[in-house]
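Structure first, commentary second.
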Amino acid sequence: MSYQQQEKYEDTELYRIRHSAAHVMAQAVMEMFEPGEAKITIGPPIENGYYYDFDLPRNLTPEDLKAIEKRMRQIIAKHHPFEKKVVNAERAKEMFADQPYKIELIEGLEEGGFDEYGEPLEEKPEISFYSHDTFTDLCRGPHVEHTGKINPSAIKLMSIAGAYWRGDENKPQLQRIYGTAWKTSQELEEYLHMLEEAKKRDHRKLGKELDIYTFSDEVGPGLPLWLPNGGTIIEELEDLAKEVELAHGYERVRTPHLTKEDLFHRSGHLPYYAESMYPPMDMDGVKYYVKPMNCPMHHKIFDARPRSYRDLPIRLAEYGTCYRFEKSGELFGLMRVRSMQMNDAHIYCSEDDFETEFMDVIAMYMEYFEIFDIEKYIMRFSTHAKDGLGKKYVDNERLWLKTEEMVRQAMQNGNVPYVEVPDEAAFYGPKVDVQVWSAIGREFTLATNQVDFSQPVSFDLSFKNSAGENETPLVIHRAPLSTHERMIGFLIEHYAGKFPVWLAPEQARIIPITDGQNEYALDIESKLKAVGVRAKADLGSDRMNAKIRAAQKMQVPYMLVVGNQEVENQSVALRLRDGSRKDGTPVDEFVSLVEDKIATRSSELL
RNA sequence: GCCACUGUAGCUCAACGGUAGAGCAAUCGCUUCGUAAGCGAUAGGUUAUGGGUUCGAUUCCCAUCAGUGGCUCCA
């Protein structure tokens, strides 16, 4: 995603090193096959490295990767210069006569139309080649002066993957090799170390270790089962949502998981969203669908009685359970699942109220981000694309342009930084998504704020305005806390399992030093439970050290070690999960400390 | 869905043609200990599932299922 990268990346030496490494890799791969057998496509630098896509007569293996990497080092050692040559299209096509993908690219350039990803270009570019040693590639550069400028001890081939030509699943599938390249071996080591560290906080690993969720083959892929610890976190998130939504004037509703097909025809889901829906079940000739979104039911609640402008805005909230049939390869731990519970709400408002309502949702994001200390994110404003009208998007260009301008104005007036991305909207309107990254660097949408000018019309929603006329409301779909699945997946990684006290499944563990203090430990446990603290006394026969270790591994924020001394003073030897200690803390003092941290949803332990 | 890889006890891994083994967790004893692993014993597996090759399959082959890395797609 281009907006992730600094504009300047393309001007850096690292960019040229990676781009050149891609060419060197392509040479090494070409040498493994008879002339004309291997087809080259594109090989750009990306964040942290580069890739190159090939169409090859056989599949590459991990052993090939080692051989390719070895050959790359040999090529690098020869210090082959990179030479640029500008040619006309005719000559270019001659040179790449046996490279159909290159011919396609040259034709794109010739027509002045398209770059290597098939994206339109502003002006007709020149056609240039870069050659080094035996390898020549259609390429606009830039490169390093010669292959020796690539540090042979700072490169590594990372993985083999499939990728569609021009990212189109209807086009041939290519083999992609990902590589990384740095200036120094130390930078490479740091990068690899960073990847290792990221794996440790992967929610799939931590979610298992912390007993938050599980999957069962018998239940099905993408259908997570929340363990008690996960259930606790869900309860806390819902309590937070209830509080905040009450303060922002929302009302809570409840709707079924299942509806007749007609409702989804009317909403537009069946024409535009059918691919992502579970197939219907047939009841006496009537088809019922499990809901992929809650909106149609909320619309019917709005429509349950006549509405006046005085009632507006109406804000209906529900932690609704939805089911979406995501393709099998798209599933990803908790972050991408087939059953999910959304922090959903629909705001019905007039056009005049739109900006206030839309910005109030953005303000709600900010409130949440502050609570969770979320700092790294991007607001992405997704708009329609003209040629998707009637296919991906409801066919009403006038309303698309109008509502997009309303959102743009609202964001600008509110001074909210955002990037605008065409052709990413929901089928019913433009949206502003909050993009974040998983521990392993995968980007995904956390929260969303969407405009809908389509469903209110198809549902015949209306209210009486002050002039006594019927007016169609706008609908805002919003999910600041995402879904439980994605939010908790994200939070596990965000906190690396060290949840703030209010979210921690177990908030305090009491550890008696010998069983002589068991009774005292149980006393403290019930004192804490009485004020709503999730506490547990560990009365096992392990030594204290082992009990501490067990509590540490579960990231319990507070460990209360109690021996004879503590019993005498009515105190606890407080140990925090960061290893620090506050011995001799009076029990009452600890109780009020933990109560305060929970009540204020503090990120601090002390 | 597509391409590649992987699938052994709850977890992390070993054995890789001669009918499975360790550590941790669990259970039961012993231990009663001052801030990240005390000691011992017991139990736990039709080696994802279903076929095939073989005298013999966890190991080789095929299919299915699931997971992983990507692509596509998304809260």
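Both backbone and side-chain heavy atoms feed into the values below; hydrogens, waters and symmetry mates do not.
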**From rG34(B), rA66(B), rC3(B), nucleotide with atom closest to Asn59(A) side chain** = rC3(B)
Residues 268-278 of chain A, side-chain donor-acceptor partners within the protein, below 3.5 Å, at least two apart:
unit_1: His269(A); atom_1: ND1; unit_2: Ser267(A); atom_2: OG; d: 2.6
unit_1: Tyr273(A); atom_1: OH; unit_2: Arg324(A); atom_2: NE; d: 3.4
unit_1: Tyr273(A); atom_1: OH; unit_2: Arg324(A); atom_2: NH1; d: 3.3

**Prompt:** For nucleotides 37-49 of chain B, read 5' to 3', which letter fits each nucleotide if B means a protein heavy atom sits under 4.0 Å from the base, S means only the sugar-phosphate is that close, and - means neither?
**Reply:** BB-----------
**Message:** Run the side chain to side chain donor-acceptor pair (under 3.5 Å) test against Glu104(A) and tell me which residues pass, sequence neighbours left out.
**Reply:** Trp165(A), Arg166(A)
**Prompt:** Tell me: CD of Gln555(A) to C1' of rA36(B), nearest whole Å?
**Reply:** 12 Å
**Prompt:** Who are the side chain to side chain donor-acceptor pair (under 3.5 Å) partners of Asp53(A), not counting sequence neighbours?
**Reply:** Arg176(A)
Side-chain donor-acceptor pairs under 3.5 Å in residues 507-521 of chain A, sequence neighbours left out?
unit_1: Gln507(A); atom_1: OE1; unit_2: Arg534(A); atom_2: N; d: 2.7
unit_1: Gln507(A); atom_1: NE2; unit_2: Val501(A); atom_2: O; d: 2.9
unit_1: Arg509(A); atom_1: NE; unit_2: Glu506(A); atom_2: OE2; d: 2.8
unit_1: Arg509(A); atom_1: NH2; unit_2: Glu506(A); atom_2: OE1; d: 2.8
unit_1: Thr514(A); atom_1: OG1; unit_2: Gly516(A); atom_2: N; d: 3.1
unit_1: Thr514(A); atom_1: OG1; unit_2: Gln517(A); atom_2: OE1; d: 3.1
unit_1: Thr514(A); atom_1: OG1; unit_2: Gln517(A); atom_2: NE2; d: 3.3
unit_1: Gln517(A); atom_1: OE1; unit_2: Ile513(A); atom_2: N; d: 3.3
unit_1: Gln517(A); atom_1: OE1; unit_2: Thr514(A); atom_2: N; d: 2.7
unit_1: Gln517(A); atom_1: NE2; unit_2: Asn564(A); atom_2: OD1; d: 3.1
unit_1: Tyr520(A); atom_1: OH; unit_2: Glu566(A); atom_2: O; d: 3.3
unit_1: Tyr520(A); atom_1: OH; unit_2: Ser571(A); atom_2: N; d: 2.9
unit_1: Tyr520(A); atom_1: OH; unit_2: Ser571(A); atom_2: O; d: 2.7

**Complete:** Here the distance between atom P of rA66(B) and atom CZ of Phe215(A), to the nearest Å, is 12 Å
**Message:** Would you measure the distance from the P atom in rG34(B) across to the matching atom in rC39(B) and give it in whole Å?
**Reply:** 16 Å
**Complete:** Paired runs of 3 or more consecutive Watson-Crick or G-U pairs involving RNA chain B, with both pairing distances under 3.5 Å, are B:1-7 with B:65-71, B:10-13 with B:21-24, B:26-30 with B:38-42, B:48-52 with B:60-64
Identify the pairs formed between an N or O of the protein and an N or O of nucleotides 12-16 of chain B at a distance under 3.5 Å, and give each distance.
none

**Prompt:** Taking protein heavy atoms under 4.0 Å as touching, what does nucleotides 69-75 of chain B look like 5' to 3' if B marks base contact, S marks sugar-phosphate-only contact and - marks none?
**Reply:** BBBBBBB
**Asked** rG67(B) P sits how many Å from Leu331(A) CG, rounded?
**Response** 6 Å
Pairs under 3.5 angstrom only: tabulate donor-acceptor contacts from the side chains of residues 210-223 of chain A to other protein residues two or more places apart or in another chain.
unit_1: Ser216(A); atom_1: OG; unit_2: Glu218(A); atom_2: N; d: 3.0
unit_1: Ser216(A); atom_1: OG; unit_2: Val219(A); atom_2: N; d: 3.3

**Asked** Roughly how many Å is it from CG in Asp538(A) to P in rU35(B), rounded to a whole number?
**Response** 17 Å
**Asked** Roughly how many Å is it from CD1 in Ile177(A) to P in rC5(B), rounded to a whole number?
**Response** 14 Å
**Request:** Name all residues meeting the salt bridge (Lys or Arg N to Asp or Glu O under 4.0 Å) criterion together with Asp202(A); count only those two or more places apart in sequence or in a different chain, and write none if there are none.
**Result:** Arg204(A)
**Complete:** Asp211(A) CG to rC24(B) C1', in whole Å, measures 14 Å
**Prompt:** Which value, rounded to the nearest 0.5 Å, describes the distance between Met544(A) atom CE and Asp538(A) atom CG?
**Reply:** 12.0 Å
**Fill in**
Residues at least two apart in sequence or cross-chain that pass salt bridge (Lys or Arg N to Asp or Glu O under 4.0 Å) with Lys242(A), listed by chain then number, are none
**Asked** Parallel, tilted or perpendicular: which fits the ring planes of His484(A) and Tyr319(A), with parallel below 30° and perpendicular above 60°?
**Response** parallel
**Prompt:** Expressed as a whole number of Å, how far does the C1' atom of rG38(B) sit from that of rC13(B)?
**Reply:** 25 Å
**Asked** Within this structure, what is the NZ-to-C1' distance between Lys498(A) and rA36(B), rounded to whole angstrom?
**Response** 13 Å
**Item:** Pairs meeting criterion side chain to side chain donor-acceptor pair (under 3.5 Å) with involvement of residues 549-561 of chain A, two or more places apart
**Value:** Gln552(A)-Arg575(A)
**Asked** CD1 of Ile513(A) versus P of rC33(B): gap in Å, rounded?
**Response** 9 Å
**Span that lies between the C1' atom of rA66(B) and that of rA48(B), in whole angstrom** = 7 Å
